[in-house]
**Q** 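Below is one structure. I have some questions about it.
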Amino acid sequence: LRRRQVELVNGFVDNAAEGKSRVEQMIMGQGKTTVIGPMLALILGNGSRLVTQVCPEALLDMTRDVMRSCFSSVVTKRVYTLSFDRSSAASNDIAQFKKLLKKLEVARLQGSIVCTTPGAVKSLMLKYVDLLQSVQAAPAILRCPVQRLGNQRDKAVELGDELSENAQKADILAR
């Protein structure tokens with residue numbers, strides 16, 4: 001290990017122990033993917049926190065392969081890939097949200113590693129914001145007593161169910 005790599009790993013571990021965020025930048029060839037990432041995954045992936053490695057989309061396959069080769073024999077850890085696109089049909093299905101949450105919870109408990117891209121993380125966050133906004137912007141018809149709705153009752157019930165499901169999805173994403 002190079003001195004700078006040891007300093008970076010120690011710094012990240014110390015910040016994680018204190019609950020602080022940390023960002024570092026290194027030039028190409030300094031061991032981000034092959035040394036620092038696997039060491040941090042080994043140290044931090046203890047079952048109490050989810051270890052997520054975010055890398056450029058062009059490097060996702062390589063990063064995942066490096067992690068799998070590092071954790072396939074002596075110290076074994078599963079390596080998952082998180083893909084999310086807020087415009088896909090699956091991103092509107094509550095069952096898919098529950099499945100995603102379950103997968104991430106299992107990954108955390110097992111000390112596994114999740115590899116993903118900035119685009120997937122942004123899509124996940126934007127979907128969360130979209131869901132919150134849809135619930136917050138509920139139309140006035142949902143605030144009326146059911147007795148006053150008349151022929152709009154079915155529409156209001158359907159809309160209420162949709163907003164309730166959006167609230168559940170947002171709760172899942174918040175975890």
Side-chain angles (χ1 to χ4, degrees), residues 12-25 32-33 36-38 40-68 71 76-144 154-175:
F12 277 111
V13 170
D14 292 344
N15 281 97
E18 296 171 9
K20 295 180 182 176
S21 296
R22 182 182 179 125
V23 175
E24 291 284 344
Q25 184 173 354
K32 298 178 295 291
T33 303
I36 294 171
L40 287 172
L42 179 64
I43 295 167
L44 299 176
N46 58 10
S48 65
R49 64 174 62 95
L50 179 65
V51 174
T52 307
Q53 186 160 0
V54 182
C55 62
E57 188 156 350
L59 298 177
L60 181 61
D61 291 337
M62 185 191 87
T63 301
R64 186 178 50 230
D65 291 345
V66 166
M67 286 296 185
R68 285 186 176 148
F71 296 110
T76 58
K77 288 182 178 281
R78 294 205 52 188
V79 178
Y80 295 96
T81 303
L82 172 64
S83 299
F84 190 85
D85 180 5
R86 69 185 177 128
S87 63
S88 73
S91 74
N92 290 318
D93 181 12
I94 194 160
Q96 292 296 326
F97 277 81
K98 289 178 181 179
K99 187 176 176 182
L100 174 61
L101 175 63
K102 180 72 173 163
K103 182 187 268 190
L104 294 175
E105 285 176 342
V106 167
R108 179 185 56 83
L109 291 171
Q110 293 177 344
S112 300
I113 301 138
V114 176
C115 294
T116 191
T117 63
V121 173
K122 289 174 191 173
S123 286
L124 205 54
M125 294 304 296
L126 288 172
K127 184 65 176 184
Y128 177 64
V129 170
D130 286 345
L131 292 167
L132 289 177
Q133 193 278 331
S134 74
V135 172
Q136 183 183 25
I141 192 171
L142 294 178
R143 291 186 281 276
C144 293
D154 291 342
K155 180 181 177 183
V157 168
E158 183 179 320
L159 189 56
D161 290 344
E162 180 183 329
L163 291 176
S164 176
E165 187 173 299
N166 284 353
Q168 288 177 340
K169 290 178 202 174
D171 288 345
I172 290 169
L173 288 178
R175 293 188 204 166

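The chain is numbered in sequence order, starting from 1. The shown structure was predicted, so the numbers you read here are calculated from the model rather than taken from an experiment.
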**Q** Please round to the nearest 0.5 Å and tell me the distance separating atom CZ of F12 and atom CD1 of I43.
**A** 12.0 Å
**Q** Roughly how far, to the nearest 0.5 Å, is CG of L60 from OG1 of T116?
**A** 7.0 Å
**Q** Without swapping roles, check the side chain of R108 against the backbone of R49 for a donor-acceptor pair under 3.5 Å.
**A** no
**Q** Quick check on M62: does its CE atom have over 12 non-hydrogen neighbours (other residues, nucleotides or ligands) under 6.0 Å away?
**A** yes
**Q** What's the spacing between K122 NZ and L124 CG if we round to 0.5 Å?
**A** 13.0 Å
**Q** Let me see the working for L82 and T52 under side-chain contact (heavy atoms from CB on, under 4.5 Å), right down to the final yes or no.
**A** CA-CA 9 Å; L82 172 64; T52 307; 5.6 Å; no
**Q** Looking at every non-hydrogen atom in both residues, tell me the closest pair between S21 and N15 and how far apart they are.
**A** O-ND2, 4.1 Å
**Q** What verdict does the side-chain contact (heavy atoms from CB on, under 4.5 Å) test give for I113 and R64, after you've listed the backbone C-alpha separation in whole Å, the side-chain angles of each residue and the deciding distance to 0.1 Å?
**A** CA-CA 9 Å; I113 301 138; R64 186 178 50 230; over 6 Å; no
**Q** Quick one: does any side-chain atom of S91 pair with a main-chain N or O of R86 as donor and acceptor, under 3.5 Å?
**A** yes
**Q** Closest approach of P38 and K32, non-hydrogen atoms and distance?
**A** CD-O, 4.5 Å
**Q** Find out whether Y80 and L104 are in side-chain contact, i.e. whether some heavy atom of one side chain is under 4.5 Å from a heavy atom of the other.
**A** no
**Q** Taking all non-hydrogen atoms of both residues into account, name the closest pair between L100 and F84 and its distance.
**A** CD2-CD1, 4.3 Å
**Q** Using a strict threshold of under 4.0 Å (side-chain N to carboxylate O), is an ion pair present between K127 and D130?
**A** no
**Q** To the nearest 0.5 Å, what is the distance between CZ (R78) and CD (Q110)?
**A** 6.5 Å
**Q** For N166 and V135, which heavy atoms make the closest approach, and how far apart are they?
**A** CB-CG2, 4.0 Å
**Q** Shortest non-hydrogen contact from V114 to L50?
**A** CG2-CD1, 3.7 Å
**Q** Has the side chain of R68 got a donor or acceptor atom that lies under 3.5 Å from a matching backbone atom of V79?
**A** yes
**Q** Distance check, rounded to the nearest 0.5 Å: M67 atom CE versus D65 atom CG?
**A** 11.5 Å
**Q** Rounded at 0.5 Å granularity, tell me how far OG in S87 sits from CG in N92.
**A** 9.0 Å
**Q** Quick check: closest heavy atoms across I172 and F97, and the distance to 0.1 Å?
**A** CG2-O, 3.5 Å
